[in-house]
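This report refers to the structure that appears directly beneath it.
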Amino acid sequence: MHSPAEADACVEELRAALAAHGITLPSLGIDLPAFASRRPTRPLIALGNCNLLTARALTTALRKDAA
C-alpha cells in the first residue's frame, strides 16, 4: 500500500514536470476518496479539468518528448 506522503510527492513531481513545459493543471491533486476506501488501494492522482489551450500544450509536450 502506498502512503499519502508518497502520493503527495508524486503529485508535486508531476506538477514540476508539467511546469517545466509551461503547463499548469489547477485541479491536479490526490483523489481523496481513494484513501477513504475500507479496502487497501493504490492512491489515484486526479489530473482534473483543463482548458483547450492547456490540453494542446500538454499534447505538444508529450509528442515532443516521444519523438
Side-chain angles (χ1 to χ4, degrees):
M1 189 162 124
H2 301 277
S3 72
E6 192 176 1
D8 280 332
C10 182
V11 167
E12 291 309 314
E13 289 174 20
L14 180 55
R15 188 181 322 263
L18 289 167
H21 290 279
I23 299 169
T24 301
L25 296 177
S27 304
L28 180 65
I30 297 171
D31 180 60
L32 295 179
F35 281 108
S37 172
R38 292 178 188 251
R39 290 174 274 141
T41 184
R42 294 181 181 151
L44 299 174
I45 305 302
L47 298 177
N49 298 322
C50 67
N51 61 33
L52 186 58
L53 184 63
T54 301
R56 285 184 175 152
L58 183 55
T59 300
T60 299
L62 290 169
R63 286 183 176 157
K64 186 184 330 178
D65 284 348

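Distance check, rounded to the nearest 0.5 Å: CD1 of Ile45 to SG of Cys10 gives 4.5 Å. Taken to the nearest 0.5 Å, the CD atom of Glu13 stands 11.0 Å off from the CG atom of Asp8.
Partners of Asn51 under the side-chain contact (heavy atoms from CB on, under 4.5 Å) rule, at least two apart in sequence or in another chain, are Leu53, Thr54.
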Name every donor-acceptor pair, under 3.5 Å, that has one atom in a side chain of residues 18-34 and the other anywhere in the protein, sequence neighbours excluded.
from  : atom 1 : to    : atom 2 : distance (Å)
His21 : NE2    : Asp65 : OD2    : 3.4

